[in-house]
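For reference, the structure I am asking about is given below.
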Amino acid sequence: MFENLQDRLGSILNGLTGRGALSEADVSAALREVRRALLEADVALEVVRSFTDRVREKAVGAAVVKSIKPGQMVVKIVHDELVEMLGSEGVSIDLNAPAPVVVMMVGLQGSGKTTTTGKIAKRLTDREKKKVLMASLDTRRPAAQEQLRQLGVQTGIDVLPIIAGQSPTDIASRAVQAAKLGGHDVVILDTAGRTHIDEPLMVEMAEIKARSKPHEILLVADALTGQDAVNLARNFDERVGITGLVLTRMDGDGRGGAALSMRAVTGKPIKLIGVGEKMTELEEFHPRRIADRILG
Ligand code: GDP
C-alpha cells in the first residue's frame, strides 16, 4: 500500500538510515512529495498547507531507527495524521431529540441530495425501525419534487404531498406538522440546491432552519469536488451551521480528497458516504479507508 508515495519518499530519504534524526531539510524534501500526492488526490491547497505543517512538526527530529526505512516512517506519520484529521468513525445520525426529529439536507444541485434523502430514510426505516416522512422543498424544480415522490413509491416511505404555490418555509412547517399528526419519528427535508452558492440560497436555508429547527443539518457533497470543496463547506457551515457531512460518489474514480478538505475547514464529522445510485448504497465512514485512498 502507498507504494507510490513510499517509493517517492524512499528515493529521497532512505539513504538516511542510521543517521540519527530527520532534519528539517530531509523533511522538507519529503513533504514536497506528500504535497504533490495530496494535490493529486484533490485535497484543497489551503488544507494541504495546514496538513503538511502538522506533519512537519511531527517528523522533524524524529529518530531514524535501523528497523524501519525513513521513507516508511514518514508515510506512517502522514497516514496517522490523515486519519486523525479525517476524524472518528461511526458517528451516525443523531436522533436524540423529541419526535419528530428534523433532518435538513443541504448542498448544491446535482450533489446527490435527493438520492441521499431516500437512502437515509430507507436506512432509518430498515435498520432503526423509524417511521420517516420525506419532504421536497425544491419549489423551483418540479422534477426534483417528482423525483422524491418516486423514491417514496419505490421505498414505501411516506412523502409529503405537494401543494402548488407553497414557499419552501411553508412546506417545512407543513412537513413538521404532518409528521406530528402522522406519528413519524423523523422528518427529512430535501432542500433546493443551486448550481453554485449564492446569497438567495443561503437566505432560504437560514429561513428553513429557523422555521423547522432541525436537529441535524447534513451537507451533501460530491466526493469529486476539488478546490471548491473548502469554499462550499465553509459557506454552508458559516451561513447555515451544519452538523455533519455526507460525501456522495465515493464509488467513482476520485481519490476523495474533498473528504479531508471539508472535514478540515468545518471540523464537522463525515457521517455517511454514498457509494452508488441504489437506495442501499450508503455506508458508514471509515477514516482509515479514505486515508489509504487519498495516499493512493
Ligand atoms: P440533487 O440534485 O442534489 O438532489 O442530486 P440527485 O440526488 O438528483 O443526484 C444526482 C445524480 O447523482 C443522480 O443521477 C444520482 O443517481 C447520482 N448519485 C447520487 N449519489 C450517488 C452516489 O453515491 N454514487 C453515484 N455513482 N451516483 C450517485
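We use all heavy atoms of the structure for the numbers below, so side chains are in, but hydrogens, waters and symmetry mates are not. This is a predicted model, so every value here is computed, not measured. Read the numbers this way: they start at 1 and go in the same order the structure lists the ligands and their atoms.
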Q) Which ligand 1 atoms are under 4.0 Å away from a heavy-atom of G110? A)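 Counting from 1, the qualifying ligand atoms are 1 (P), 2 (O), 3 (O), 5 (O), 10 (C).
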Q. Would R56 and S28 satisfy side-chain hydrogen bond (donor to acceptor under 3.5 Å, both in side chains), going step by step from the backbone distance to the final call?
A. CA-CA 8 Å; R56 187 188 310 274; S28 289; 3.0 Å; yes
Q) Any chance the side chains of E146 and Q150 put a donor and an acceptor closer than 3.5 Å? A)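 Per modelled atom types, E146 and Q150 side chains form a pair under 3.5 Å.
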Q) So which heavy atom in the protein is nearest atom 11 (C) of ligand 1, and how far is it from that ligand atom? A)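 Protein heavy atom with the smallest distance to atom 11 (C) of ligand 1: R249 NH2, 3.4 Å.
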(Q) Students should be able to answer this: which protein heavy-atom is nearest to atom 22 (C) of ligand 1, and at what distance? (A)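 Answer for atom 22 (C) of ligand 1: G276 O, 3.1 Å.
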Q) Closest heavy-atom contact between V64 and A21? A)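 Distance-wise, the nearest heavy atoms are CG2-C, 3.8 Å.
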Q) Which atoms of ligand 1 have any heavy atom of Q109 under 4.0 Å away? A)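 Answer for ligand 1: 2 (O).
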Q) How about E216 and T243: does a side-chain donor come under 3.5 Å of a side-chain acceptor? A)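 Indeed, the side chains of E216 and T243 share at least one donor-acceptor pair under 3.5 Å.
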Q: Run the numbers on D26 and S23 for side-chain hydrogen bond (donor to acceptor under 3.5 Å, both in side chains), then give the verdict.
A: CA-CA 5 Å; D26 303 331; S23 72; 3.0 Å; yes
Q) Do we see a donor-acceptor contact under 3.5 Å between the side chains of D292 and H79? A)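 Judged by distance alone, the side chains do pair up.
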Q: Pick out which of E284, E128, E283 makes a salt bridge (Lys or Arg N to Asp or Glu O under 4.0 Å) with R123.
A: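 Looking at E284, E128, E283, the match for R123 under the salt bridge (Lys or Arg N to Asp or Glu O under 4.0 Å) is E284.
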(Q) Less than 3.5 Å apart, any donor N or O on the side chain of D222 or T248 sitting next to an acceptor on the other? (A)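 D222 vs T248: no donor-acceptor pair found between side chains.
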(Q) Suppose I only count heavy atoms of Q147 and a 4.0 Å limit; which atoms of ligand 1 are within that range? (A)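 Going through ligand 1 atom by atom, the ones under 4.0 Å from Q147 are 6 (P), 7 (O), 8 (O).
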Q: Do me a favour and list the nearest non-hydrogen protein atom to atom 7 (O) of ligand 1 with residue, atom name and distance?
A: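 Checking every protein heavy atom, the shortest distance to atom 7 (O) of ligand 1 gives T115 OG1, 2.5 Å.
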Q: For ligand 1, note which part of V275 has a heavy atom under 4.0 Å away: side chain, backbone, both or neither.
A: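 The answer is the backbone of V275.
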Q.
Which heavy atom of S261 sits nearest to which heavy atom of D42, and what is that distance?
A.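 Looking at all heavy atoms of both residues, the closest pair is OG-O, 4.3 Å.
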Q.
Counting only heavy atoms closer than 4.0 Å, does ligand 1 sit against the backbone of M105, its side chain, both, or neither?
A.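 It is neither part, as no heavy atom is under 4.0 Å.
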Q. Any nitrogen or oxygen of K113, main chain or side chain, under 3.5 Å from a nitrogen or oxygen of ligand 1?
A.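 Yes; the residue has a nitrogen or oxygen that sits under 3.5 Å from a nitrogen or oxygen of the ligand.
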**Q.** Subset of ligand 1 atoms that lie under 4.0 Å from at least one heavy atom of R141
**A.**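 Reading through ligand 1 atom by atom, the close ones are 2 (O).
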**Q.** Proximal atoms of ligand 1 relative to L108 (non-hydrogen, under 4.0 Å)
**A.**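 That gives atoms 3 (O) of ligand 1.
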Q. Looking only at side chains, do D170 and S167 share a donor and an acceptor under 3.5 Å apart?
A.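 Result is yes, a qualifying pair exists.
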Q) Nearest to atom 27 (N) of ligand 1, what protein heavy atom do you find, and at what distance? A)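 Nearest neighbour among protein heavy atoms for atom 27 (N) of ligand 1, to 0.1 Å: E277 CG, 3.4 Å.
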Q | Within-shell test, K119 vs ligand 1, heavy atom, strictly < 4.0 Å | A |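 Per 4.0 Å heavy-atom rule, K119 contacts ligand 1.
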Q) Can you find an N or O of G112 that's nearer than 3.5 Å to an N or O of ligand 1? A)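 Yes, since at least one N or O of G112 sits under 3.5 Å from an N or O of ligand 1.
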Q: Please identify which atoms of ligand 1 are closer than 4.0 Å to at least one heavy atom of G274.
A: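 Those atoms are 23 (O).
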Q. How far is atom 24 (N) of ligand 1 from its nearest protein heavy atom, and which residue and atom name does that atom have?
A.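 Scanning the protein heavy atoms, the shortest distance from atom 24 (N) of ligand 1 goes to D251 OD1, 2.8 Å.
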Q) Under 3.5 Å between some N or O of ligand 1 and some N or O of E281? A)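 There is no such contact.
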Q: Give me the one residue out of R35, R293, R8 that meets salt bridge (Lys or Arg N to Asp or Glu O under 4.0 Å) with E40.
A: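 With E40 as partner, R35, R293, R8 yield a single salt bridge (Lys or Arg N to Asp or Glu O under 4.0 Å), made by R8.
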Q. S111 to ligand 1: N or O pair under 3.5 Å?
A.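 Yes, at least one N or O pair falls under 3.5 Å.
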